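Let me begin by presenting the structure, written as structure tokens, before commenting on it.
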Amino acid sequence: MANAQSPVESFLAAAAQAAKVILETVEKDGFIHVFSHLDADGVAAAGIMGKTLHRLDARFRVRVTQWVDEKIIDVLVADKPQLLILTDFGSGYLDLLSAKAADFKVLILDHHQVAGETVNNGNFVQVNPHLHGLDGATEVSGSGVAYFVAKNVNAENVDLAPIALVGALGDLQDKNEERKLCGLNQLIVEDAVNAKLVTVEKDLTFFGRETRPIHKALASSTSPFIPGLSGEEDKCLAFLASLDIKLKEGERWRALRDLTEDEKKRFCSALADYLISRGLHAEVANLVGNVYVLNREEPWTPLRDAREFALMLNSTGRMDRPSLGIAICMGDRGAALEEANKVLEDYKKNITTYLSWVMEKPNRLREFEHIYVIYGESFINEKMIGTISSILVSSLENPEKPLLAFANIEKENAAKFSARTTEMALSKGVNLGGVMRVASEKYGGKGGGHNVAAGAQVPIDQVENFIRTVNELVGKQLRGEDVGSANNT
Ligand code: C5P
Ligand code: ZN
């Protein structure tokens, strides 16, 4: 057909349709409830929607939570909103939403794999790259989807493009050889660059590249997580001393950006050797890549580098302070930022504590035939388990085995699982979204997500059965067998 739409065009048409629903609701002075996921991408998406609605002078409320379930939907519909907007989740829970919210106008702005069907009464509009043959794990994030809708609401919302990039990086959508955002994300990069809001540079991707003393930047690296150096400033000092890299210029600590080309080369190749000697070949490629600098942010703050901004948003979500992250995305650079800085510090301390706890005793990280499992039980906070899983997946011995981690949610008699896969397992056909959905449903839980990162909640007495089943299902996928996808339609 001569006038057939390309996948990108049809995705953008869906975003325009969603924008129309928002404008119509606001025109009638309807009350809008935005509901979003608590990770960096979800907080960014909530910020983008919040700003968009604020600019329209709409009546709205924003809430953030870790997952969608029946209880939460009951609470949402009890508010009787004229429009319910779900960002960065929802597509995995269509049957539930259709059963509980069929009488409400619902917008789902998501990039997770689709499971179930939307109610067919015209009330639901879903914008999701997977519905257009685009990859939601790598080409656009939840905040990116929200951004395309916002841009259709009003062109001035192009100034939210940097926030959408922050969300995409928070979801690790740059996990390719060049550590570069691609697909629909690249369109957002172009918007941000054209508006002079973002500059893209090729450099070391460490946090604190512009801001922190080199040994501190190295010690605070969690992407890659460098065993023996991450979290250990004194070892980092020794490492740098052995490379003959001067740490201070007079009284002032040097940052990575102050290194000469020659020093940078020495630093990179020594780090590469170090990673390889520990079997972390894949991580070498992660050292250098595209760095996204937010031009309007103050240098020396965590908001200047989009990856660091994402870490801050993640910290507010995971430490029960998402409203701080949302306020920052909406433009607050006063009290919210000051408070978020403290939250970020606490979050980093927690990560370091949890990582050393996991490594301390062998029974906390167990190896199965096809997977590794971290038994976080009641020690690791359930909101932090996803972060720990993301950090540790790339530093395990066998790169063919995905990592499953869980923490107990005592008051709900459940366990929260977070699964992350390695590139090698992914290339051999592992799809964790499907595995988590199928295995959790078998034991009365709920789960889903992306091929590379997925999660589930499971009754606590079913934890061992669930782990055994995940191990089996991953084994099947590695042998090329079909176990069912996240999409059960
Ligand atoms: O919670 P965690 O960070 O491990 O989740 C990984 C991915 O899987 C997230 O994108 C999350 O939205 C998704 N997920 C899901 N259903 C669940 C749990 C997680 O779709 N029950
Ligand atoms: Zn997301």
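Read the numbers this way: they start at 1 and go in the same order the structure lists the ligands and their atoms. Computed from a predicted structure; not experimentally measured.
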Note to self: Check this for me: E464, atom CD, are more than 12 non-hydrogen atoms of other residues, nucleotides or ligands nearer than 6.0 Å?
What the structure shows: yes
Next item on the list: Would you mind listing which atoms of ligand 1 come within a distance below 4.0 Å of any non-hydrogen atom of H450?
Entry: 10 (O)
Notebook entry, point to check: For K416, is the nearest heavy atom under 4.0 Å from an atom of ligand 1?
Noted result: yes
Notebook entry, point to check: Quick one: does D74's side chain get under 4.5 Å of K100's, heavy atoms only?
Noted result: yes
Margin query: Looking at the Zn ion (ligand 2), is there an N, O or S atom belonging to H112 that lies under 2.8 Å away from it?
Written below: no
Checklist line | Structural part of Q66 in contact with ligand 1, heavy atom criterion under 4.0 angstrom | finding: neither
Next item on the list: May I ask you to check whether S418 has an N/O atom sitting below 3.5 Å from an N/O atom of ligand 1?
Entry: yes
Note to self: Under a 4.0 angstrom heavy-atom cut-off, which atoms of ligand 1 come close to A453?
What the structure shows: 6 (C), 7 (C), 8 (O)
Checklist line | Those atoms of ligand 1 less than 4.0 Å from some heavy atom in A456 | finding: 18 (C), 21 (N)
Next item on the list: Give a yes/no answer: is there an N/O/S atom of D88 under 2.8 Å from the Zn ion (ligand 2)?
Entry: yes
Margin query: Does N120 have more than 12 heavy atoms from other residues, nucleotides or ligands lying within 6.0 Å of its CG?
Written below: no
Margin query: Set out, in order, the CA-CA distance, both residues' side-chain angles and the distance that settles salt bridge (Lys or Arg N to Asp or Glu O under 4.0 Å) for E345 and K348, then state yes or no.
Written below: CA-CA 5 Å; E345 284 319 307; K348 286 190 201 154; 3.7 Å; yes
Check: Are F104 and F124 an aromatic pair by the rule of ring centers under 6.0 Å?
Finding: no
Item checked: Closest protein heavy atom to atom 14 (N) of ligand 1, given as residue, atom name and distance to 0.1 Å -> G448 O, 3.4 Å
Check: Do we see a donor-acceptor contact under 3.5 Å between the side chains of D135 and T138?
Finding: yes
Check: So which bit of S390 gets within less than 4.0 Å of ligand 1, heavy atoms only: side chain, backbone, both or neither?
Finding: neither
Margin query: Under 6.0 Å between ring centres: does that hold for W357 and F379?
Written below: yes
Next item on the list: Run down the list F406, W67, F89, Y93 and name the one with the heavy atom closest to atom 21 (N) of ligand 1.
Entry: Y93
Checklist line | Q457 neighbourhood, listing ligand 1 atoms whose heavy-atom distance to it stays under 4.0 Å | finding: 17 (C), 18 (C), 21 (N)
Notebook entry, point to check: Quick one: do the N381 and Y354 side chains pair a donor with an acceptor below 3.5 Å?
Noted result: no
Margin query: Going by the closest heavy atom to atom 13 (C) of ligand 1, which one wins out of G449, G92, G433?
Written below: G449
Notebook entry, point to check: Looking at atom 12 (O) of ligand 1, what's its closest protein heavy atom, distance included?
Noted result: H112 NE2, 3.0 Å
Item checked: Proximity of F11 and F148 rings by center, below 6.0 Å -> yes
Next item on the list: Specify which N/O/S atom of D41 comes nearest to the Zn ion (ligand 2), by atom name.
Entry: OD2
Check: Hey, is there an N, O or S on D171 sitting under 2.8 Å from the Zn ion (ligand 2)?
Finding: yes
Margin query: Below 4.0 Å from ligand 1: does a non-hydrogen atom of R420 turn up there or not?
Written below: yes
Check: Are the ring centres of F466 and F406 closer than 6.0 Å?
Finding: no
Next item on the list: Before giving the answer on ring pair (Phe, Tyr, Trp, His ring centres under 6.0 Å), spell out for H450 and H111 the whole-Å C-alpha distance, their side-chain angles and the decisive distance to 0.1 Å.
Entry: CA-CA 9 Å; H450 307 290; H111 69 130; 4.6 Å; yes
